[in-house]
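In what follows, a single structure is set out as structure tokens and then discussed.
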Amino acid sequence: MQEDLFKRLVSHCKEYGFIYPSSEVYDGLNGVYDYGPMGVELKNNIKEYWWRAMVQMHENITGLDSAIFMHPLIWKASGHVDAFNDPLVDNKDSKKRFRADVLIETEIDKLIAKADKEVEKAAKRFGDAFDEKMYRETNPRVLEYTQKAEAVEKRLANAMKANDMADLKAIIDELEITEPDTGSRNWTEVRQFNLMFSTQMSNTGDDGKLYLRPETAQGIFVNFLNVQKTTRQKIPFGIAQIGKAFRNEIVARQFIFRMREFEQMEMQYFVRPGTEMEWYNKWKERRMAWHRAITPAEKLRFKDHDNLAHYANAAVDIQFEFPFGFKELEGIHSRTDFDLSSHSQLSGKKMQFFDPELNEHYTPYVVETSVGCDRMFLSVISNSLIEETVPDAQGEDSSRTVLKIAPALAPVKCAVLPLLKNKEELVGKAREVYDKLKFHFLCQYDEKDAVGRRYRRQDAIGTPYCVTIDFETLENDTVTIRERDSMQQERVAISEVARIVAEKTDLRKLLEQIDVAL
RNA sequence: GCGGUGGUAACUCAGUUGGUAGAGUGUCAGCCUUCCAAGCUGAAUGUCGCGAGUUCGAAUCUCGUCCGCCGCUCCA
């Protein structure tokens with residue numbers, strides 16, 4: 001059922017020009033997609049909704065568009081060089097994949113557990129007279145376990161540091177590590193997976209290796225002082241950015257949910273240390289309000305992180321119920337001063353703020369909100385693509401496919417339709433109306449097929465309004481305006497159409513909703 | 001990467017024991033039509049994922065390869 005819905009969604013996106021597989025004539029490229037004529041409109045509208053909600057609506061948030069290429073040390077400072085590397089190994093019998101370092105660490109834990117068990121047994125045997133420290137230092141069996149654990153730990157650390165995959169494999173073989181479920185020791189070679197794409201810049205010395213940014217956030221951090229000084233912002237203030245990021249995912253799956261090239265909409269909010277939880281909670285609510293303005297509340301939820309990333313002291317996801325279950329749409333993280341401090345340390349540049357109220361310098365704490373633009377796109381499509389039954393001309397049941405998208409996000413705002421194609425007066429008049437409306441918003445003119453079919457075509461791409469030019473138009477300059485969801489029509493003066501459609505498709509309506517929800 | 005499964009028109013799919021490809025929808029042109037898809041006439045569109053092999057002959061059988069989907073794994 002859900003799977004069918006997802007398949008339908010993917011076909012619909014292709015068929016109506018929202019999303020195409022990338023490089024399709026060359027059989028496609030895994031995990032990469034292109035946005036088609038309707039897709040780019042919708043995506044731009046989502047971005048604009050976000051931008052205005054963040055930048056326009058907050059006088060202390062400014063925008064930024066930093067480059068994708070950045071100094072390689074940035075990724076050292078951010079922790080990506082170390083944390084974005086995974087050594088993976090497959091078990092040939094069970095066909096399961098494991099992180100090699102995790103396997104070895106589990107084995108180390110087992111050794112330590114064995115030593116502890118020996119100590120425990122001895123403690124029982126000797127009773128009150130037991131000297132644990134002495135026993136640990138002298139008992140040959142305990143010593144063997146602990147020394148081995150330490151040796152392996154050291155070797156693991158060295159191998160990880162040196163990216164020595166062969167040695168990781170050697171450790172697995174020497175320790176005779178088995179697959180947890182099947183006990184198989186039939187392992188493949190250990191392979192390194194680096195989640196960052198790299199490329200080459202010819203004249204930077206060394207080997208000129210550069211990474212394609214795996215997140216947009218760092219562009220904001222390294223510009224923190226530039227922005228703060230040139231915009232005369234005081235803490236708290238935020239910097240917002242929309243841009244592409246790249247991750248070499250081991251597997252990119254689920255359509256545009258996990259792509260190797262994707263777009264993020266991120267805002268970093270710089271706050272006084274100690275106030276971060278207060279802002280974290282405020283931003284949780286604000287961001288949820290932003291989502292709720294365009295998505296039914298029951299399809300959204302918060303999900304706290306079980307494991308915090310290396311930089312965070314609090315983290316929550318806003319999840320959306322996709323056809324394949326509740327999944328992350330946006331992350332809200334309290335990143336502490338990890339990034340600014342780290343860049344300060346590595347670059348040698350002080351990245352602090354002088355707080356005139358406290359009369360002191362400090363490194364600001366950061367609360368981050370980060371939405372996946374493509375995931376937003378997918379969520380918008382998946383909660384608005386509807387197949388419904390409506391009466392046809394004879395009053396019989398007929399089905400229609402309609403994209404019940406928020407009018408402000410719709411790719412095309414208004415379609416202009418002459419009632420009949422073979423009446424020159426209607427066609428001419430319709431052209432006139434179209435030529436006026438095109439100054440206000442994206443419109444489509446369509447005269448092909450019966451008007452009912454044209455309505456359905458517009459429904460399929462989510463056009464909120466259809467204006468039809470009929471014989472009465474020729475007499476009194478009025479048209480019918482048909483609303484997508486209700487299919488109700490109203491007769492209005494041509495001179496009013498632009499105002500009506502603009503009013504109802506203006507982002508302002510959404511922004512006002514969010515403001516009320518705060 | 002491994003396993004499962006699939007790849008035929010823009011979309012959804014059919015294609016018999018091997019005989020040079022079809023349907024529905026869509027698209028285009030024309031007709032009809034005074035407001036909610038599926039009225040009439042006509043047309044275009046496929047290297048049957050790609051390559052090789054078997055065969056007189058391959059969408060169909062065999063091998064290889066590429067790509068998709070699902071699972072394992074990963075997911076700031």
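Below, all heavy atoms of this structure are taken into account, side chains as well, without hydrogens, waters or symmetry copies. Convention: sequence-line order gives letters A, B, ...; per-chain numbering from 1.
- When each of A:W279, A:Y280, A:Y365 is checked for a ring-ring contact (aromatic ring centres under 6.0 Å, His included) with A:Y269, only A:W279 meets the rule.
- Each salt bridge (charged side-chain N to carboxylate O under 4.0 Å, His left out) pair with one or both residues in residues 479-490 of chain A, not counting sequence neighbours, appears once here: A:D459-A:R482.
- Taking atom NZ on A:K7 and atom P on B:rG7, their separation rounds to 11 Å, with Å as the unit.
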Dump the pairs, protein N or O against N or O of nucleotides 28-32 of chain B, anything under 3.5 Å, distances to one decimal.
{"residue": "B:rG30", "atom": "OP2", "partner": "A:K421", "partner atom": "NZ", "Å": "3.4"}

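- Only one option out of A:F322, A:F324, A:F257 pairs with A:F6 in a ring-ring contact (aromatic ring centres under 6.0 Å, His included); it is A:F324.
- Within residues 377-388 of chain A, no residue has a heavy atom under 4.0 Å from RNA chain B.
- Heavy atoms of A:S78 sit nowhere under 4.0 angstrom from any nucleic acid atom.
- Comparing A:F255 and A:I469 by the nucleotide of RNA chain B whose heavy atom lies nearest to each, the residue mapping closer to the 5' end is A:I469.
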- Query: Once each nucleotide of nucleotides 36-47 of chain B is scored for protein heavy atoms under 4.0 Å, what B/S/- sequence comes out, 5' to 3'?
  - Reply: BBB---------
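- Rounded to whole Å, the distance from CG on A:L103 to P on B:rC74 is 10 Å.
- In RNA chain B, stems built from 3 or more consecutive Watson-Crick or G-U wobble pairs, each with both distances under 3.5 Å, span B:1-7 with B:66-72, B:10-13 with B:22-25, B:27-31 with B:39-43, B:49-53 with B:61-65.
- Contacts between residues 10-20 of chain A and RNA chain B, defined by a heavy-atom separation below 4.0 Å, involve A:S11, A:K14, A:E15, listed by number.
- Closest non-hydrogen pair, A:R213 versus A:A67, comes out as NH1-O, 3.3 Å.
- Under the 4.0 Å criterion applied to side-chain N and carboxylate O atoms, A:D173 and A:K169 are assigned as salt-bridge partners.
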